[in-house]
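All of these numbers come straight from a predicted model, not from anything done at the bench.
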Amino acid sequence: MVSFKNRYLVFEVVLDPNKDVATDDPIIITQYNVSKAIKDSILLNFGECGFASSLGSFQVRYVNPITKLCIIRASREDYQNVWAAITMVRSISNCPVVFNLLDLTGNSRACKNTALRLDELKFEQYKLMVGPRISDGVNLQMQNCLEKIRSLDN
């Protein structure tokens with residue numbers, strides 16, 4: 001039996017630094033927005049053949065709209081093209097962004113552990129930045145996001 005080998009990339013989406021993150025969030029980062037921006041970049045930079053070859057296992061597995069952390073799965077053969085295309089993404093929904101690679105792993109368990117650790121640290125940083133204006137809804141949404149990471153499987 002042949003197992004299909006994947007790579008898991010943990011990225012941070014950095015929004016326009018001229019905006020105040022705590023008060024006016026220009027867009028809400030979703031799996032659809034991130035996936036569309038990356039697929040458009042793959043198509044633009046690697047053509048239809050590169051696009052078709054990378055679509056086999058490409059998937060945005062997780063996106064946290066609060067901490068802007070996302071997990072992307074790509075095949076072992078095509079992860080470098082996906083990574084290159086991600087670095088060339090300059091905007092999502094007409095909002096300037098930069099992707100910052102935080103971790104690259106070969107299995108989902110290591111990716112899950114790294115993403116949990118980073119998400120918790122980034123949320124603590126977010127709470128310090130926002131201060132007492134943080135709502136219970138944001139705390140609940142963050143707990144749901146952490147549970148979603150814990151439930152990620154192969």
Side-chain angles (χ1 to χ4, degrees), residues 4-22 24-123 125-126 129-130 137-138 140-154:
F4 193 72
K5 304 289 185 176
N6 289 313
R7 293 290 178 257
Y8 296 89
L9 299 98
V10 179
F11 277 97
E12 171 188 26
V13 180
V14 182
L15 298 178
D16 185 9
N18 298 328
K19 302 276 186 190
D20 183 16
V21 178
D24 54 86
D25 211 3
I27 60 169
I28 296 175
I29 302 292
T30 63
Q31 285 184 330
Y32 175 77
N33 288 346
V34 173
S35 179
K36 182 173 177 356
I38 294 169
K39 286 178 182 177
D40 289 346
S41 180
I42 293 170
L43 184 60
L44 178 69
N45 295 301
F46 297 103
E48 290 179 4
C49 184
F51 179 69
S53 70
S54 64
L55 278 185
S57 69
F58 173 79
Q59 183 182 17
V60 177
R61 299 287 309 259
Y62 169 78
V63 173
N64 187 331
I66 299 169
T67 61
K68 311 294 190 261
L69 196 77
C70 60
I71 298 173
I72 297 165
R73 183 187 72 187
S75 69
R76 185 169 63 177
E77 293 78 24
D78 296 316
Y79 83 93
Q80 291 175 327
N81 287 350
V82 172
W83 185 1
I86 289 170
T87 60
M88 293 182 228
V89 171
R90 292 290 166 240
S91 67
I92 295 177
S93 301
N94 296 325
C95 178
V97 297
V98 175
F99 283 86
N100 181 24
L101 179 69
L102 300 174
D103 192 37
L104 171 66
T105 62
N107 62 32
S108 59
R109 186 182 324 132
C111 174
K112 193 167 46 170
N113 293 339
T114 302
L116 270 171
R117 183 176 47 83
L118 291 171
D119 231 3
E120 289 168 351
L121 289 172
K122 287 184 67 62
F123 187 61
Q125 185 181 25
Y126 176 81
M129 208 169 57
V130 173
V138 172
L140 182 63
Q141 185 180 10
M142 186 62 198
Q143 292 305 316
N144 290 339
C145 288
L146 291 174
E147 282 301 317
K148 188 173 179 182
I149 292 178
R150 288 184 189 103
S151 69
L152 284 178
D153 57 353
N154 298 336

Tell me, do Val60 and Phe58 make a side-chain contact under 4.5 Å, heavy atoms counted? yes
Pairwise side-chain contact, Phe99 with Ile92, heavy-atom cut-off 4.5 Å (strictly under): yes
Please examine the side chains of Val34 and Ile29, heavy atoms only from C-beta on, and report whether any two atoms are closer than 4.5 Å. yes
Between Asn6 and Ser75, what is the shortest heavy-atom contact and its length? OD1-CA, 3.8 Å
Side chain proximity check, Arg7 to Thr105, heavy atoms < 4.5 angstrom: no
Can you list, pair by pair, the side-chain donor-acceptor contacts under 3.5 Å of residues 79-91, counting residues two or more places apart and other chains?
{"from": "Thr87", "atom 1": "OG1", "to": "Ala84", "atom 2": "O", "distance (Å)": "2.7"}
{"from": "Arg90", "atom 1": "NH1", "to": "Thr87", "atom 2": "O", "distance (Å)": "3.3"}
{"from": "Arg90", "atom 1": "NH2", "to": "Thr87", "atom 2": "O", "distance (Å)": "3.1"}

CD1/Ile149 to CG/Asn144 distance, rounded to the nearest 0.5 angstrom? 12.0 Å
Hey, does Arg61 have a side-chain heavy atom less than 4.5 Å from the side chain of Cys111? no
Heavy-atom side-chain proximity of Val63 to Tyr32 below 4.5 angstrom: no
Here the gap from Ser54 atom OG to Ile38 atom CD1, rounded to the nearest 0.5 Å, amounts to 10.0 Å
Under 3.5 Å, which donor-acceptor pairs link side chains of residues 112-119 to any protein atom two or more places apart or in another chain?
{"from": "Lys112", "atom 1": "NZ", "to": "Leu152", "atom 2": "O", "distance (Å)": "3.2"}
{"from": "Asn113", "atom 1": "ND2", "to": "Arg109", "atom 2": "O", "distance (Å)": "3.4"}
{"from": "Thr114", "atom 1": "OG1", "to": "Asp103", "atom 2": "OD2", "distance (Å)": "3.2"}
{"from": "Thr114", "atom 1": "OG1", "to": "Ala110", "atom 2": "O", "distance (Å)": "2.9"}
{"from": "Asp119", "atom 1": "OD1", "to": "Asn64", "atom 2": "ND2", "distance (Å)": "3.3"}
{"from": "Asp119", "atom 1": "OD1", "to": "Thr67", "atom 2": "OG1", "distance (Å)": "2.4"}
{"from": "Asp119", "atom 1": "OD2", "to": "Tyr62", "atom 2": "OH", "distance (Å)": "2.5"}
{"from": "Asp119", "atom 1": "OD2", "to": "Asn64", "atom 2": "ND2", "distance (Å)": "3.0"}

Can you name the nearest heavy-atom pair linking Ile28 to Pro65, along with the distance? CG2-CB, 4.1 Å
Might you confirm whether atom CD of Gln31 has over 12 heavy atoms from other residues, nucleotides or ligands at distances under 6.0 Å? yes
Within a strict 4.5 Å, meaning less than it, do heavy atoms of the Phe4 and Ser57 side chains meet? yes
Euclidean distance, Leu140 CG relative to Cys145 SG, rounded to 0.5 Å: 10.0 Å
Taken to the nearest 0.5 Å, the spacing of Leu44 CG from Lys39 NZ works out to 16.0 Å
Results of side-chain hydrogen bond (donor to acceptor under 3.5 Å, both in side chains) for Asp40 - residues two or more places apart only: Lys36
Could you check whether any side-chain heavy atom of Val13 comes within less than 4.5 Å of a side-chain heavy atom of Phe11, counting everything from C-beta outward? no
So how far is it from Leu69 CG to Asn100 CG, rounded to the nearest 0.5 Å? 10.0 Å
